[in-house]
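Keep in mind that this is a model prediction, so the values were computed, not measured. Note that these values count all heavy atoms, side chains included, but never hydrogens, waters or copies made by symmetry.
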Amino acid sequence: MIGHRRRITPFRVPMLSVLAGSLLLAGCATSSQEVSEASPEAVEAYTQLGVAYLERANLPRALNALDRALELDPRHPEALQALALVYQQQGESDLANRYFQQALNAAPSFTRARNNYAAFLYDQAQFAQACEQLEMASQDAQYANRAQLFTNLGQCYLALDDVAKARERLQRAQSIDPRNPRGYLMLAELEVSQGNYDQAWAPLQNYLQLAGPDPVALELAIDVALARGDNAAAADYQRLLNH
């Protein structure tokens, strides 16, 4: 049976999408249309170029572009947090931590950066600090991925063995976005870890309806069905798992 301390997929938010046209600003304009090196447009162009390279895992070029952006504007929040992500991928934890903090000092309401910083802290096993960052981020009622933030909070509190807070945050995620599947599976796993098989059944069914059957969910469904005495359902899920 799957216990609640099993580390589920580490939480992330999607990296900033980059419009291909924005990349042309970094050095492809004619002299008559050239953007001033010190202009906000130049800073943004270098930042977006760095993010594009980061998304393609070309870390040296990402580093060069982001360094150039920060030479022009040392407090540009997007460039600072993108540089933190580069250093995180390179295994430079101290530098990543420093640049995440600089990004948030420059823009305390930068919710996506705060969530990414929480993900970094979680990966460093600094669970209490990660939860603290996520609690602050979750106060942004306009954030498009707010349900994901609360799901992340649930995972974070599970790492701290705070079952009550984890359950509350996962249920809050469902109320914000009832069609976000990940929180349902985590809530089902939480209830199974506490021996609450009846309470695990509904969120598990919701997950299967939204995300479709996958091996982890099917194995959990078999365990829960057997624990509830529903051998027919367990057999059905076993057949799905074997296919």
Given N152, T151, N145, the one that forms side chain to side chain donor-acceptor pair (under 3.5 Å) with Q148: N152
So which atom in [X] and which in [Y] form the shortest heavy-atom distance, rounded to 0.1 Å?
X	Y	value
V216	E189	CG1-OE2, 4.2 Å
L208	P213	CD2-CA, 3.9 Å
A137	L149	O-CD1, 3.5 Å
Y122	A130	N-CB, 3.8 Å
F120	S93	CZ-O, 3.4 Å
A62	G50	CB-O, 3.4 Å

Any ring pair (Phe, Tyr, Trp, His ring centres under 6.0 Å) involving residues 163-190? Give me the pairs, sequence neighbours left out, ordered by first then second residue.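 Those involving residues 163-190 do not exist here.
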When you compare the side chain of [Y] with that of [X], does any pair of heavy atoms fall below 4.5 Å?
X	Y	result
L66	V86	yes
R61	R56	no
P60	Y53	no

Do you see a donor-acceptor pair shorter than 3.5 Å between the side chains of D214 and Y207?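 Yes - a donor-acceptor pair under 3.5 Å links their side chains.
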Donor on one side chain, acceptor on other, T111 and R114, under 3.5 Å: no
Under the side-chain contact (heavy atoms from CB on, under 4.5 Å) rule, collect the residues that match up with N196, sequence neighbours excluded. R167, E191, Q194, Q199
Side-chain donor-acceptor distances from residues 94-108 under 3.5 Å, at least two apart:
| unit_1 | atom_1 | unit_2 | atom_2 | d |
| --- | --- | --- | --- | --- |
| N97 | OD1 | Y117 | OH | 2.7 |
| Q101 | NE2 | Y117 | OH | 3.1 |
| N105 | ND2 | Q101 | O | 3.2 |

Within this structure, what is the [atom1]-[atom2] distance for the pair [X] and [Y], rounded to the nearest 0.5 Å?
X	Y	atom1	atom2	result
H76	T47	NE2	OG1	4.0 Å
L218	R239	CG	CZ	12.5 Å
W201	N206	CH2	CG	12.0 Å

Please identify each residue that fulfils side-chain hydrogen bond (donor to acceptor under 3.5 Å, both in side chains) with Q205, with sequence neighbours left out. Y237
So salt bridge (Lys or Arg N to Asp or Glu O under 4.0 Å) across residues 135-149, not counting sequence neighbours, yields E135-R169
For R228, does the CZ atom sit with more than 12 other heavy atoms under 6.0 Å from it, leaving out its own atoms? yes
Name all residues meeting the salt bridge (charged side-chain N to carboxylate O under 4.0 Å, His left out) criterion together with E71; count only those two or more places apart in sequence or in a different chain, and write none if there are none. R68
